[in-house]
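Accompanying notes for the structure given below.
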Amino acid sequence: MDILFVASEIAPMVKVTGLADVVASLSKALRLLGHKVTLALPRYPGIEASGVMIARRLTPLVLTIGGERVEVTVFDGRLGSGVELVLFDVPGLFSEGPSRLADEDDGDLAAARRYGVFALSVVELVRQRALAGTPFEVVHAHDWPSALVPYLLRDREGDARPASVLTLHDLARQGLFPREALRVIGLADEHFQPSLLEFYGKVSFLKAGLLAADAITTVSPTYAREILTPEHGERLDGVLAARAKEHEIVGIVNGIDYAVYNPMTDPALPARYDAEDTTNKARCKSALLAELGLPIDIERPLVVSVGRISTQKGGDLLATSLPKILKSDASVVVAGAGDRALVTKLEAAVAKAPERARFLGDAAEPLVHRLYAAADIVVVPSRYEPCGLVQLYAQRYGALPVAYRTGGLIDTIVDCDAALETGTGFLYDKPISTHLVGAVQRALAAMTSPRWPALRRRVMRLDLGWDRPARRYVHVYRSAVAKRTA
């Protein structure tokens, strides 16, 4: 198949959220299955800075937006995975990079303009490819920054458009803007009505994609069910329920790229290991403790937390729980950035136990890999989690995840039984400090069991790769194409 990915991030060049990892690894997996994949992105400075070679097209795309003529310069390149790259550039539009994507862009007309022009550019690219006789079969959009694409394709290309798929990586980020956003992206006022883009008095980019995409997917089966409820539907549960009646919303659990996350080959680690021989995991732990200036005691459990610090990610729960966790004979390392108030709370909690705890802030990727390799337990305290990648990385590196029973965490972690004969982690039932601490204590107690090494090997042997998820996406693509051509 000839597939066009449309996204706002790609790892490692432009990464703000886990979406960047998924876009990079899923497109690569589809390419390895024999499909042609092209990835459309804004031309952020970080892409060329990473060393990717790109070439400028001589002829720009010309858009007309509300009577204004906008020239979009197009650049072509290719990733090491064989995925083709198409970058769109308008002077001043993408020069700041995607740093705000992890936060809400509500009310920011500059952001509406930025991703509106990006979507219009993608639609024009699709149109030109079709005119040239080499049409894309499927356009796969990811989250709100590219969700306008299916809507604009339906509005402007009608039945001639390719099939479209929209993946929801996080329904909470919706791309909500004032009504004036229609003007800055060249859409008439007729689009501002409840059956179209109007959403509680604002314009919703994400709603546009939900209405128009031929297929909708999420990043786990449990999250696909959760978003149909008022509790997790972020006020879009009615729109989603209507779509679910006509076509199932498919949940496909994310995978990880074994070429990037593999303790047997990872160049960031001081020593390599695998499920069959985990001896060198102890060496990784000793090296990290030394690197961070903590006492080198490999028998003492090492509890790690990695990720964005926010209320959604449970940063407040972790801050409240740290003093109680530190009362156990464990070392704790926290890495991440985000909400300043929560960061301050975490720093204060860590400062009370300098001999056994460290707060690293926004850690570089190689250090994050060393944290996974050194950790015995990785805490994932998210209040909701569409899928999550941290627990998958932890399992791959032989660390047991502790997480709240929600979303994709349910689909990727089986709660360990008391005898440790089954299970791949430790789940707790309520997003409150006492339950989080209780689950960590269960994990710490499990480490004293003679079955702990077998449990570690079991999680390291899990099939967490992208082959099966990628094949499921291909099935979704083929169904969407069949729906378009029926």
Side-chain angles (χ1 to χ4, degrees), residues 16-18 99-100 102-104 172 285 287-297 300-372 374-385 388-391 393-394 399-404 406 409 426 428-445 447:
V16 178
T17 68
S99 59
R100 292 197 60 203
D103 304 314
E104 286 296 334
K285 184 176 182 178
L288 181 90
L289 293 171
E291 180 181 352
L292 301 182
L294 290 168
I296 301 174
D297 182 355
R300 175 181 286 164
L302 177 59
V303 180
V304 166
S305 177
V306 178
R308 182 162 49 89
I309 295 172
S310 65
T311 302
Q312 181 252 313
K313 292 292 185 180
D316 55 329
L317 292 178
L318 185 61
T320 303
S321 302
L322 274 182
K324 298 174 184 176
I325 294 173
L326 286 166
K327 285 183 179 179
S328 305
D329 186 24
S331 298
V332 177
V333 178
V334 179
D339 184 283
R340 186 62 243 175
L342 294 181
V343 167
T344 300
K345 288 182 180 179
L346 284 166
E347 289 174 332
V350 166
K352 293 178 180 178
E355 73 287 353
R356 285 193 291 118
R358 291 287 184 274
F359 179 79
L360 306 181
D362 193 9
E365 198 69 21
L367 176 53
V368 170
H369 284 228
R370 292 197 293 276
L371 288 171
Y372 289 132
D376 297 300
I377 297 164
V378 172
V379 178
V380 188
S382 302
R383 280 186 164 80
Y384 75 87
E385 193 60 72
L389 293 171
V390 169
Q391 79 277 15
Y393 299 149
L400 273 293
V402 171
Y404 171 47
T406 186
L409 299 173
F426 300 86
Y428 55 95
D429 295 326
K430 293 182 180 180
I432 55 178
S433 176
T434 53
H435 282 240
L436 170 57
V437 172
V440 171
Q441 290 173 340
R442 275 205 298 138
L444 292 173
M447 286 187 63

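Everything quoted here is computed from the prediction, not taken from an experiment. Positions are given from 1 along the sequence.
Under the 4.5 Å side-chain criterion, counting only non-hydrogen atoms from C-beta, V390 is not in contact with P401. Considering only heavy atoms from C-beta on, R442 stays 4.5 Å or farther from V402 through its side chain. Within the 4.5 Å cutoff, side-chain heavy atoms of M447 are placed close to those of I377. Under the 4.5 Å side-chain criterion, counting only non-hydrogen atoms from C-beta, R383 is not in contact with T406. In this structure the side chain of F359 reaches within 4.5 angstrom of the side chain of I309, judged on heavy atoms. Between L371 and V378 there is no side-chain heavy-atom pair separated by less than 4.5 Å.
Of all heavy-atom pairs spanning L326 and A353, the tightest one is CD1-CB, 3.7 Å. Nearest heavy-atom pair, S321 versus V437, reported as atom, atom and distance to 0.1 Å: CB-CG2, 3.6 Å. Scanning both residues, S305 and V379, for their nearest heavy atoms gives OG-O, 3.7 Å. The two residues A374 and L302 come nearest to each other via the heavy atoms O-CD2, 3.6 Å. Of all the heavy atoms in A290 and I296, the pair that sits closest is CB-CD1, 3.8 Å. Nearest heavy atoms, P381 versus L318: CG-CB, 4.4 Å.
A side-chain donor-acceptor contact under 3.5 Å links Q312 to the backbone of Y384.
Residue pairs meeting the side chain to side chain donor-acceptor pair (under 3.5 Å) criterion with at least one member in residues 346-358, sequence neighbours excluded: R340-E347.
For the atom pair CD1 of I325 and CG of L436, the computed distance is 5.0 Å after rounding to the nearest 0.5 Å. Separating the CG atom in L444 from the OG atom in S328 is a distance of 5.5 Å, to the nearest 0.5 Å.
Contacts of T320 classified as side chain to side chain contact (heavy atoms under 4.5 Å, CB included), with partners at least two apart in sequence or in another chain: S433. Partners of Y372 under the side-chain hydrogen bond (donor to acceptor under 3.5 Å, both in side chains) rule, at least two apart in sequence or in another chain, do not exist in this structure. In this structure, the side chain to side chain contact (heavy atoms under 4.5 Å, CB included) partners of D329, at least two apart in sequence or on a different chain, are R300. Shown here are the side chain to side chain contact (heavy atoms under 4.5 Å, CB included) partners of A363, two or more places apart in sequence or in another chain: A335, L367, V368. Take Y428 and apply the ring-ring contact (aromatic ring centres under 6.0 Å, His included) test, not counting sequence neighbours, and it matches Y404.
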Please lay out, stage by stage, how K345 and D339 fare under the test salt bridge (Lys or Arg N to Asp or Glu O under 4.0 Å). CA-CA 10 Å; K345 288 182 180 179; D339 184 283; over 6 Å; no
